[in-house]
Structure formats: structure tokens, C-alpha cells
Amino acid sequence: MASTAVSSGTRRIRRQLPTSPWLFAAPGLLIAGAFILYPFVSTLVNAFTDRRTLVPGEFVGLANFRELLHDDMFWIGLRNSSLYVLGVVPALVLLPLLLALLVHKSIPGITFFRSAFYTPVVASIVVVGLIWVWMLDERGLVNSLLETVGVGRIGFLSDQWLILLSAMAVTVWKGLGYYMIIYLAALANVPRELHEAAAVDGAGPVRRFLSVTVPAVRSTMVLVAALASVAAFKVFSEVYLMAGPSGGPAGEDTTLVMLVQRTGTGLTGRVGYASAISVVVFVVTLVLMLLVLRADRKEES
């Protein structure tokens, strides 16, 4: 009797097993489908239409992409987004590693400094941007200090290139703590014996950093480079707050994501054209990640 009950219960569990994992995964799949997959597919479809905000679009083929080739603002946005990657990524790969080395040791009070370095990460980018705008304004704190020491005021928020450099500085400052935590996790797995052996061989701090630390965290550096590259190419908030909605003088500081926002919003927004720009952003970020991963594999081989 008992064996019959056990066997029937086992058969019932086996019948339920094929569907049970899908029931657990269903909420996550629904959220991913609604907020990731559907917008992605919708953007791809709209990129080949002339859809506007209040007007259903018609299929126009590659017309939007052909228009991009003759759009000066698109090339300005592509230039600025590319320069942003070149200016931000090297700093976010190296500086957080050096910062992680400083706070890696367990000494009294080091937790305070770790928390202090991580504070900008959890702060709102809008609040951070407004603080930096106030500091870099013509009558802000930085220019007041420069004038006090006799340097004179600098147009951080009025010059085309200084606006871009100021936005890069904000991005690096805010991202230091985030990538520092990633490096701290990697440094915790580096055997201390390697540093001790290198020190016995007469290697100094710089030599140990180059010959022991860097090879040990190289895979983490690749991860940081990939994450930072994608985030830098898709930059919006920092430049928007520094340069304003117009994108700086004559729109010369506009990035691709700012161009998407400016083109695709409003009652007369060109949703189809903005979607085409979004597709370009997706393709470029995908290529950036593949290049970083390929360089890592090539170095390993």
C-alpha cells in the first residue's frame, strides 16, 4: 500500500518537473520580454520605417540609413561618442586598479575610505552633474580658485572641447568606485606568495605591479574595458547636463544618444530616424565588445 502511494507520488512529481522550471523563470522572462526584447525588436522594425510620434510609419527600406550618411549632426555625434570612449576607457581601466591597490590592505580605518570612494557611484547622476556644473561654472568654485591664484577664469562650460573634457572627468570620477570594487574582488584572489617571491627576487613595487598584479587581474581589466567602452559610447547624462539640451555651442558636443533623444522625442519626433541611429549605436557597441574580447584572446594565445 505504502509502496503504491510512493510510486504514484513519484510519477506525479515527474509529470510536474518539465513545467516547474518554466514557472519559476516565467516572471523574469516576462519582464525581459516586455522591457528588453520587445523594445529591441520594435526599434529594429522602426529603423526601416518613416514612423513619427503620432503617425504610423510606412516601410522605407534603407532610406533612414542613407540619410545618416549625409547628416552632419550624426557624424558630429559619432565623433564625440568615439572621443568619449578614447578619453574615458583608459582612465577607467587603470585608475580604479591603482585605487583598489591603495585600499586593498586591511588596516584600521580603511573601510571608511572604501565607502568614501564608492559614494559617487550610488549618488544620482543628475545631482552629481549639477554639482559639477556649479563648480565649473564661470563664477563657480574652480574658476574662483583659479582667479585667486592669478590664472584667470576658464570657460569649462562654454568651450566645445572643454565641455567634453569636463563631462569625461565627471564620468571617470563617478565610475572610479564601481570599478574599484570589481578590482578588489580580483585582487583578493591573487596569491600573496607571488608578491613575496617577487620581493625576494629583488622586484620593487612597480616591477611587482607590472609582473604580478597586472597579469593576475588581466581578465578583470578586459571586463572593465568592455563595460566602460559600452557605457562611454552610450553617454548621455553627463554631456547633457554640461552642454545643455542643445549640445553645446552650435551642437558641437552632441553625442549619438543625445541625437536619438533630440530626434525621436516630441510631438513631431522622427521615431524611425531615431531608431536607425539607435541601431548604429547598438552595432558599434557590439563591435567594441568583440574587439576587446578578441584582443584579450589574441594576447592569451
Side-chain angles (χ1 to χ4, degrees), residues 81-123 125 128-129 132 164-235 237-239 284-301:
S81 296
S82 301
L83 289 175
Y84 216 87
V85 173
L86 295 176
V88 166
V89 173
L92 285 179
V93 171
L94 183 59
L95 294 181
L97 176 57
L98 299 178
L99 194 61
L101 290 173
L102 290 176
V103 301
H104 178 57
K105 295 182 179 180
S106 298
I107 57 177
I110 198 63
T111 303
F112 168 78
F113 290 99
R114 291 177 181 175
S115 302
F117 292 141
Y118 191 75
T119 300
V121 179
V122 298
I125 182 59
V128 169
W132 277 81
L164 208 59
L165 290 174
S166 300
M168 291 179 186
V170 175
T171 300
V172 172
W173 179 77
K174 194 175 189 307
L176 282 176
Y178 177 75
Y179 296 114
M180 178 195 71
I181 295 298
I182 297 178
Y183 279 125
L184 280 175
L187 290 174
N189 296 322
V190 179
R192 183 172 298 179
E193 292 78 9
L194 296 177
H195 289 279
E196 294 175 352
V200 170
D201 291 338
V206 177
R207 182 64 181 274
R208 292 200 302 270
F209 172 76
L210 295 176
S211 60
V212 177
T213 303
V214 172
V217 300
R218 186 169 54 82
S219 59
T220 304
M221 296 177 70
V222 173
L223 172 63
V224 170
L227 294 176
S229 298
V230 173
F233 194 80
K234 298 190 301 180
V235 65
S237 300
E238 293 91 324
V239 181
V284 174
T285 53
L286 181 62
V287 170
L288 283 174
M289 292 188 66
L290 293 177
L291 288 176
V292 172
L293 295 176
R294 182 177 180 182
D296 178 55
R297 292 177 181 176
K298 187 176 182 180
E299 186 176 345
E300 287 181 351
S301 61

Euclidean distance, Leu223 CG relative to Leu293 CG, rounded to 0.5 Å: 9.5 Å
Non-hydrogen atoms of Pro96 and Ala91 that approach each other most closely: CD-O, 3.3 Å
Phe233 atom CZ, over 12 foreign heavy atoms within 6.0 Å: yes
Where Ala232 and Tyr84 come nearest, the two heavy atoms and their spacing: O-CD2, 3.6 Å
Student check: side-chain heavy atoms of Val292 and Val222 closer than 4.5 Å: yes
Stepwise side chain to side chain contact (heavy atoms under 4.5 Å, CB included) check, Val217 with Val190: CA-CA 8 Å; Val217 300; Val190 179; 4.2 Å; yes
Closest non-hydrogen atom pair, Tyr118 against Gly177: CD1-O, 3.5 Å
Ser166 side chain reached by Trp132 side chain, heavy atoms, under 4.5 Å: no
Distance (rounded to the nearest 0.5 Å) between Leu92 CG and Thr171 OG1: 7.5 Å
Main-chain N/O of Gly129 paired with Lys174 side-chain donor or acceptor, under 3.5 Å: no
Heavy-atom pair with the smallest gap, counting every atom of Ala225 and Val89: O-CG1, 4.1 Å
Tyr178 and Val122, any side-chain heavy atoms less than 4.5 Å apart: no
Interatomic distance, Arg114 atom CZ to His104 atom NE2 [nearest 0.5 angstrom]: 8.0 Å
Leu99 side chain reached by Tyr179 side chain, heavy atoms, under 4.5 Å: no
Interatomic spacing from OG1 in Thr220 to CD1 in Ile182 - rounded to 0.5 Å: 8.0 Å
CZ on Phe117 to CG on Leu102, rounded to 0.5 Å: 7.0 Å
Point-to-point distance, once rounded to the nearest 0.5 Å, from OG1 of Thr213 to CZ of Arg208: 8.5 Å
Heavy-atom closest pair, residues Ser229 and Val85: O-CG2, 3.9 Å
4.5 Å side-chain heavy-atom contact, Met168 and Val235: no
Minimum side-chain heavy-atom gap Phe209-Leu97 below 4.5 Å: yes
